[in-house]
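Here's the structure, in structure tokens; my notes come after.
Keep in mind that the numbers below use all heavy atoms, side chains included, and drop hydrogens, waters and symmetry copies. The structure presented is a predicted model; accordingly, all values stated were derived computationally and were not measured.
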Amino acid sequence: MACAQTGSGKTAAFLLPILEMLMRGDVAASQFKELQEPEVVIVAPTRELINQIYLEARKFSFGTIIRPVVVYGGTSTGHQIRQVLQGCNVLCGTPGRLLDIISKGKVGLSKVQFLVLDEADRMLDMGFEPDMRKLVTAFDMPSKQNRQTLMFSATFPEEIQRMAADFMKTDYLFLAVGQVGGACGDVHQTILQVDQYSKRNKLIEILTNIGIERTMVFVDTKRKADFLAAFLCQENFPTTSIHGDREQREREQALGDFRSGKCPVLVATAVAARGLDIEHVQHVINFDLPSTIDEYVHRIGRTGRCGNVGKAISFFDSNTDLRIARTLVKVLSDAQQEVPTWLEEFAFAAYGTSYHNPLGKVFASVDSRKVSLILYFNKNLKEVIHVCSLIQSIQLLRLFCEC
């Protein structure tokens with residue numbers, strides 16, 4: 001179970017070792033079998049992300065005997081099955097299409113050595129958990145003791161860690177690199193107080209100053225994404241949009257236009273918030289702030305990737321965004337960004353309301369098993385002190401303070 005900041009290279013972190021181990025094991029794909037049995041299954045929540053992982057796998061395995069294949073919804077199932085039957089060592093897929101092809105008897109899982117869940121917190125939290133349980137139990141996949149399960153994400157809340165433990169070996173490793181759950185330090189964050197009816201004018205002002213620099217604008221609904229993209233086009237800003245209701249061909253065309261610079265502004269919903277690695281994205285604008293802070297971290301992580309510097313601007317509306325005020329202040333402070341005085345006041349005003357999180361936690365940046373152990377000892381501190389010598393008690397208390 002691995003956590004690292006957005007843009008830190010998590011995809012390469014699991015692809016390169018897996019491919020190296022496959023080549024060391026002298027694995028070869030066979031195109032003469034009606035039932036393909038891949039050694040690696042990689043699952044991701046969105047079509048764009050799984051296709052990106054596939055392209056990286058194809059790049060890293062170029063010139064080797066290893067053959068990656070990708071399957072996802074919105075395209076021809078027959079074409080993808082034909083691709084699989086030509087030989088498959090590394091099968092990349094979104095949950096629905098992956099289960100569909102397996103259930104058709106075209107893919108067997110008995111030889112799976114590595115099961116990878118990218119953006120694992122979303123895979124388990126956003127409705128994909130039943131599909132993941134079906135994947136590891138309803139078919140012939142080796143048990144968790146006989147395969148290696150790898151989960152990667154920039155955010156890993158404690159409740160999701162506990163859920164994910166069902167898929168892992170009992171003694172699984174939790175690896176944290178950098179300030180887990182926090183915003184990338186290479187992204188300059190700015191929070192602007194803008195009410196709902198002033199957002200469009202403020203966006204026009206910002207885009208006018210930005211010019212042709214590549215910018216992603218995040219909104220909260222699919223309808224608003226199309227409406228805002230059309231509005232910006234009318235204002236002479238070449239813009240395209242991407243969301244879950246667009247056909248796959250349209251989504252790929254939108255990303256292509258954005259990558260090429262034909263449309264330097266991309267209006268997107270949460271479908272583009274995670275994992276996508278698009279070069280030269282200089283700006284992210286949160287037209288609508290998300291309801292959760294981890295979604296905010298993923299959104300602004302579309303810029304400032306791999307050591308590059310980026311900028312993120314967020315519109316804060318006190319009528320709708322109070323729920324995120326306190327955790328937003330914490331993220332800004334942890335990233336050593338300027339915290340507006342008015343935002344601190346809103347965060348303080350949220351104290352004691354339903355928006356307030358009394359523990360002040362943003363996400364889990366440590367292994368939840370350690371947290372549980374510390375809480376257990378804290379609850380039983382008197383009993384521990386009774387059986388310890390004075391010196392041992394002082395050392396124990398010091399350990400608690402450090403934790």
Side-chain angles (χ1 to χ4, degrees), residues 1-4 8 10-11 13-22 24-25 37-45 53 90-93 95 98-99 102 108-178 180-181 294 359 361-381 383-384 396 399-400 402-403:
M1 196 177 295
C3 286
S8 57
K10 292 186 290 295
T11 302
F14 65 77
L15 277 180
L16 289 174
I18 287 175
L19 294 175
E20 191 272 337
M21 293 186 73
L22 289 183
R24 185 189 299 175
E37 296 180 296
E39 290 79 16
V40 183
V41 174
I42 302 174
V43 191
I53 294 171
V90 180
L91 181 58
C92 310
L98 184 62
L99 291 175
I102 294 172
L109 302 179
S110 61
K111 293 184 179 180
V112 170
Q113 301 174 30
F114 304 97
L115 172 63
V116 182
L117 272 63
D118 198 20
E119 301 297 341
D121 60 331
R122 185 177 179 189
M123 293 294 299
L124 298 177
D125 189 37
M126 300 296 288
F128 293 114
E129 184 199 358
D131 288 339
M132 292 300 96
R133 293 192 183 278
K134 183 177 181 180
L135 180 67
V136 299
T137 59
F139 303 102
D140 55 350
M141 179 174 286
S143 68
K144 60 184 179 182
Q145 301 299 330
N146 296 316
R147 68 171 191 266
Q148 185 167 357
T149 307
L150 304 95
M151 298 190 180
F152 289 80
S153 183
T155 54
F156 239 124
E158 289 182 23
E159 62 273 15
I160 303 302
Q161 285 190 45
R162 290 191 289 270
M163 191 184 303
D166 292 343
F167 298 84
M168 313 287 285
K169 296 179 182 178
T170 54
D171 57 345
Y172 71 86
L173 299 178
F174 184 93
L175 176 64
V177 179
V180 178
D294 55 345
L359 296 178
K361 292 182 179 178
V362 181
F363 353 71
S365 59
V366 296
D367 191 338
S368 62
R369 295 170 297 179
K370 290 184 179 180
V371 175
S372 300
L373 184 61
I374 291 171
L375 289 176
Y376 171 80
F377 278 124
N378 272 316
K379 290 172 68 175
N380 297 276
L381 184 57
E383 288 80 357
V384 173
L396 188 59
L399 174 63
F400 289 158
E402 290 173 352
C403 292

Measuring from atom [atom1] of [X] to atom [atom2] of [Y], what distance do you get when rounded to the nearest 0.5 angstrom?
| X | Y | atom1 | atom2 | result |
| --- | --- | --- | --- | --- |
| K169 | S143 | NZ | OG | 8.5 Å |
| D121 | E159 | CG | CD | 9.5 Å |
| I102 | F139 | CD1 | CZ | 5.5 Å |
| M21 | Q148 | CE | CD | 6.5 Å |
| E37 | S110 | CD | OG | 4.0 Å |
| D118 | I53 | CG | CD1 | 4.0 Å |

Do you know the tightest heavy-atom contact between [X] and [Y]?
| X | Y | value |
| --- | --- | --- |
| M1 | Y172 | CE-CE1, 3.6 Å |
| P95 | M123 | CG-CE, 3.6 Å |
| Q145 | T170 | NE2-N, 4.2 Å |
| F114 | L22 | CE1-CD2, 4.5 Å |
| L115 | L117 | CG-CD1, 3.9 Å |
| A154 | K10 | N-CE, 4.0 Å |

Original post:
What do the steps show when you test V116 against I18 for side-chain contact (heavy atoms from CB on, under 4.5 Å), and what is the final call?
Top reply: CA-CA 10 Å; V116 182; I18 287 175; 3.7 Å; yes
**OP:** Test side-chain contact (heavy atoms from CB on, under 4.5 Å) on V40 and L19 and set out the steps.
**Re:** CA-CA 9 Å; V40 183; L19 294 175; over 6 Å; no
Hey, does the side chain of [X] reach the backbone of [Y] with a donor-acceptor pair shorter than 3.5 angstrom?
| X | Y | value |
| --- | --- | --- |
| K144 | D166 | yes |
| D140 | L109 | yes |
| R147 | P142 | yes |

Subject >> Minimum side-chain heavy-atom gap L15-I42 below 4.5 Å >> reply: yes
Original post:
Does the side-chain contact (heavy atoms from CB on, under 4.5 Å) test come out yes or no for V41 and L98, once each step is laid out?
Top reply: CA-CA 9 Å; V41 174; L98 184 62; 3.8 Å; yes
